[in-house]
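Take a look at the structure set out below.
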Amino acid sequence: MTGQLTNNKFHRPDIIQRLRNGETILVAEGYMWEFGRRGYLKYGGFIPEVVLEHPDLVESMHEEFVHAGTDVVEAFTYYANREKLRSIGREDELEKLNRTALKIAKKVAVRHNKLTAAGLCNTPLYVPGDGTCTAKVKEMFKEQIKWATEEKVDFIIAETFNDLGEALLALECIKEFGNGLPAVITLTPYGPDITTDDVPIPEACRRLEEAGAAVVGLNCGRGPETMLPLLREVRKVCKGPIAALPVAFRCTEDSKTFQSLKDPKTGEYLYPVDLDSARCNSSDFEKFTKEALEIGVTYLGICCGNCATYFRAMAEACGKTPPSSKYTYEPSLSHVFGAPEGQKYTRADKIREFMLDIKKN
């Protein structure tokens with residue numbers, strides 16, 4: 001374990017210093033979708049009740065992503081704001097949920113000498129130009145930031161904003177109430193390359209950077225292939241570190257977002273419960289990571305649909321060897337597909353022909 005021992009804890013360079021030093025920071029997200037896939041979170045509301053009901057599973061998923069190579073343990077506080085908890089009658093448990101999620105993330109991060117991040121996100125209340133709504137959203141951000149600072153996170157992620165105005169409000173709140181913590185602010189690109197308050201996304205990222213965000217960029221909405229062209233435009237106008245966290249689904253030019261993907265058999269939308277039929281694979285993320293690095297992205301991750309094997313592929317494409325690399329696929333160990341000539345099992349060729357449906361006559 002690296003770092004200097006101070007007050008019985010290891011000191012790590014902060015995220016800004018690490019990025020300035022040329023390091024690529026990997027951030028595993030996608031807890032919401034993965035818990036939904038595993039049957040511990042309700043699609044539709046997407047509210048992280050699992051933090052209250054199964055905190056052990058949240059800790060386990062943090063461990064899983066650390067094993068796969070994340071540099072950051074992000075507290076599972078996505079949609080853990082007052083309005084979302086009110087919608088399911090659990091507003092009185094708001095602080096408990098946030099503090100529990102923050103403590104779990106901090107526990108795992110300290111155990112493995114990783115960075116800890118708190119998470120804010122878009123709200124269902126924000127309306128551009130509506131002062132009353134803005135005041136309510138600001139109060140929701142304020143209380144989550146307050147709990148995050150008290151639980152001593154290393155930085156704050158504010159993500160999945162479709163309106164630049166709400167993203168700027170989140171940044172303003174982090175600067176006002178975050179005790180100097182760095183802010184990573186990411187926008188979600190949907191079909192058009194503009195925010196839903198009609199600002200070109202590259203320009204929106206530039207404005208967030210100029211307003212004081214430590215890292216700006218894109219998360220969610222688009223898959224690896226459909227996010228890359230927009231990242232190139234963001235890189236052209238932003239001077240500092242940029243972020244890229246696509247969803248793990250094979251979006252296309254005709255369906256740029258995972259919300260717009262359709263089942264080729266039925267024509268029905270796959271979002272949200274049938275998206276497994278459009279999942280990416282590990283090779284997709286290896287390719288995406290290499291292209292993103294060429295663009296100059298230094299803050300990388302995977303959003304909805306993430307799983308440990310995808311994240312390991314991303315880490316390895318960055319030249320890292322996380323603990324799970326011990327179990328990366330090794331073709332030579334397969335008695336059917338990998339054994340070299342002279343060491344094949346007697347029936348290997350025939351079995352392979354049957355498996356691949358290329359049986360010779």
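Along the sequence shown, the residues carry numbers beginning at 1.
- Without hydrogens or angle criteria, Asn98 side chain to Glu95 main chain gives no donor-acceptor distance under 3.5 Å.
- Of the possible donor and acceptor atoms, none in the side chain of Glu29 sits under 3.5 Å from a partner among the backbone N and O of Cys304.
- The pair Glu93-Arg90 meets the salt-bridge criterion, with a side-chain N (NZ, NE, NH1 or NH2) lying under 4.0 Å from an Asp/Glu carboxylate O.
- When atom types are taken as modelled, the side chain of Asp163 and the backbone of Gly165 share no donor-acceptor pair closer than 3.5 angstrom.
- Here CD of Glu49 is found 8.0 Å from CG of Leu85. Values are rounded to the nearest 0.5 Å.
- Hydrophobic clustering (side-chain heavy atoms under 4.5 Å, transitive across Ile, Leu, Val, Met, Phe, Trp, Tyr) keeps Val108 apart from Leu97.
- Under the 4.5 Å side-chain heavy-atom criterion for ILVMFWY residues, a single connected hydrophobic cluster contains both Ile88 and Tyr40.
- Under the side chain to side chain contact (heavy atoms under 4.5 Å, CB included) rule, His67 has a single partner from Pro322, Pro323, Ser325, which is Pro323.
- Looking only at atom types and distance, the side chain of Tyr329 has no donor-acceptor partner in the side chain of Ser334 under 3.5 Å away.
- Atom SG of Cys251 and atom NZ of Lys256 lie 11.0 Å apart (nearest 0.5 Å).
- To the nearest 0.5 angstrom, Asn81 atom CG is 6.5 Å from Thr123 atom OG1.
- Distance alone, capped at 3.5 Å, places no donor-acceptor pair between the Ser60 side chain and the Asp56 backbone.
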Derivation and outcome, salt bridge (charged side-chain N to carboxylate O under 4.0 Å, His left out), residues Glu83 and Arg86: CA-CA 5 Å; Glu83 183 65 16; Arg86 185 199 61 77; 2.7 Å; yes
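- A salt bridge links Arg18 with Glu23: the closest approach of a Lys/Arg side-chain nitrogen to an acidic carboxylate oxygen falls below 4.0 angstrom.
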Glu209 and Lys239: CA distance, side-chain angles, deciding distance, salt bridge (charged side-chain N to carboxylate O under 4.0 Å, His left out) verdict: CA-CA 8 Å; Glu209 182 179 71; Lys239 298 177 181 178; over 6 Å; no
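- With hydrophobic clusters built from ILVMFWY side chains whose heavy atoms lie under 4.5 angstrom apart, Val73 does not share a cluster with Leu102.
- A donor atom on one side chain and an acceptor atom on the other are not found under 3.5 Å apart for His62 and Glu74.
- A salt bridge does not link Arg222 to Glu253: none of the charged nitrogens lies less than 4.0 Å from a carboxylate oxygen.
- Both Ile156 and Val216 belong to a common hydrophobic cluster when Ile, Leu, Val, Met, Phe, Trp and Tyr are linked at side-chain heavy-atom distances under 4.5 angstrom.
- In this structure, Tyr271 places its OH atom where more than 12 heavy-atom neighbours from other residues, nucleotides or ligands lie under 6.0 Å away.
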Residue pair Ile157, Tyr299: steps toward the side chain to side chain contact (heavy atoms under 4.5 Å, CB included) verdict: CA-CA 12 Å; Ile157 297 168; Tyr299 181 107; 3.4 Å; yes
Pair Leu245-Cys220, side chain to side chain contact (heavy atoms under 4.5 Å, CB included): steps then yes or no: CA-CA 6 Å; Leu245 301 94; Cys220 206; over 6 Å; no
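- One side chain, Thr195 or Asp197, offers a donor N or O that lies under 3.5 Å from an acceptor on the other.
- Under the 4.0 Å criterion applied to side-chain N and carboxylate O atoms, Glu64 and Arg312 are not assigned as salt-bridge partners.
- A salt bridge is absent between Glu268 and Lys262; no separation between the charged side-chain nitrogens and carboxylate oxygens falls under 4.0 Å.
- Hydrophobic cluster membership is shared by Leu169 and Leu164, with clusters built from Ile, Leu, Val, Met, Phe, Trp and Tyr side chains linked at under 4.5 angstrom.
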Show me the donor-acceptor pairs within less than 3.5 Å that the side chains of residues 289-298 make with the rest of the protein, sequence neighbours left out.
{"unit_1": "Thr289", "atom_1": "OG1", "unit_2": "Phe285", "atom_2": "O", "d": "2.6"}
{"unit_1": "Lys290", "atom_1": "NZ", "unit_2": "Glu286", "atom_2": "OE2", "d": "3.2"}
{"unit_1": "Glu291", "atom_1": "OE1", "unit_2": "Arg232", "atom_2": "NH2", "d": "3.4"}
{"unit_1": "Glu291", "atom_1": "OE2", "unit_2": "Lys287", "atom_2": "NZ", "d": "2.6"}

Side chain to side chain donor-acceptor pair (under 3.5 Å) between Thr160 and Tyr78, worked out: CA-CA 10 Å; Thr160 327; Tyr78 191 93; 3.3 Å; yes
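- Side chain of Thr188 to backbone of Asn219: a donor-acceptor contact under 3.5 angstrom is found.
- Between Lys142 and Glu176, no side-chain nitrogen of the basic residue sits less than 4.0 Å from a carboxylate oxygen of the acidic one, so the salt-bridge criterion is not met.
- Rounded to the nearest 0.5 angstrom, Ile302 CD1 and Leu26 CG are separated by 9.0 Å.
- For Thr70 (side chain) and Ala28 (main-chain N/O), a donor-acceptor pair under 3.5 Å exists by modelled atom type.
- Comment: Arg37 engages Glu34 in a salt bridge, judged by a side-chain N to carboxylate O separation of less than 4.0 angstrom.
- By the 6.0 Å contact criterion, NZ on Lys42 is open, its count of non-hydrogen atoms from other residues, nucleotides or ligands being 12 or less.
- Here the closest heavy-atom approach between residue Ser277 and residue Leu270 is recorded as OG-CD2, 3.5 Å.
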Cys318 vs Leu300, side chain to side chain contact (heavy atoms under 4.5 Å, CB included): CA-CA, chis, key distance, verdict: CA-CA 10 Å; Cys318 288; Leu300 276 163; 4.1 Å; yes
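- Side chain of Thr257 to backbone of Ser260: a donor-acceptor contact under 3.5 angstrom is found.
- The environment of CZ in Arg347 is sparse: at most 12 heavy-atom neighbours from other residues, nucleotides or ligands sit within 6.0 Å.
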Working for ring-ring contact (aromatic ring centres under 6.0 Å, His included), residues Phe65 and Tyr31: CA-CA 10 Å; Phe65 282 128; Tyr31 289 80; 5.3 Å; yes
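- Checked for salt-bridge contact, Glu151 and Lys103 meet the test: a charged N lies under 4.0 Å from a carboxylate O.
- Lys114 places no side-chain N or O within 3.5 Å of a backbone atom of Val66 that could act as its donor or acceptor partner.
- Using modelled atom types, one side-chain atom of Asn21 and one backbone atom of Gln17 make a donor-acceptor pair closer than 3.5 Å.
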Chi angles and distances behind the side chain to side chain donor-acceptor pair (under 3.5 Å) call for Thr321, Glu316: CA-CA 6 Å; Thr321 53; Glu316 291 177 342; over 6 Å; no
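- The pair Glu203-Arg206 counts as a salt bridge, with a side-chain nitrogen and a carboxylate oxygen less than 4.0 angstrom apart.
- In this structure, CD1 in Ile358 is found 6.0 Å from CD in Glu353, a value given to the nearest 0.5 Å.
- Between Ile25 and Val215, every side-chain heavy-atom pair lies at or beyond the 4.5 Å cut-off.
- With rounding to the nearest 0.5 Å, the separation of OH in Tyr79 from CE in Met32 is 7.0 Å.
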Criterion side chain to side chain contact (heavy atoms under 4.5 Å, CB included) on Thr186 and Leu218, from CA distance to verdict: CA-CA 5 Å; Thr186 51; Leu218 312 177; 5.9 Å; no
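- Looking at Gln259 and Phe249, their side chains never come closer than 4.5 Å, going by heavy atoms from C-beta outward.
- In terms of the ring-ring contact (aromatic ring centres under 6.0 Å, His included) criterion, residue partners of Tyr43 (sequence neighbours excluded) are, by chain and number, Trp33, Phe46.
- The backbone N or O of Gly119 sits less than 3.5 Å from a side-chain atom of Thr77, completing a donor-acceptor pair.
- The pair Lys136-Glu139 does not count as a salt bridge, with every side-chain nitrogen at least 4.0 angstrom from each carboxylate oxygen.
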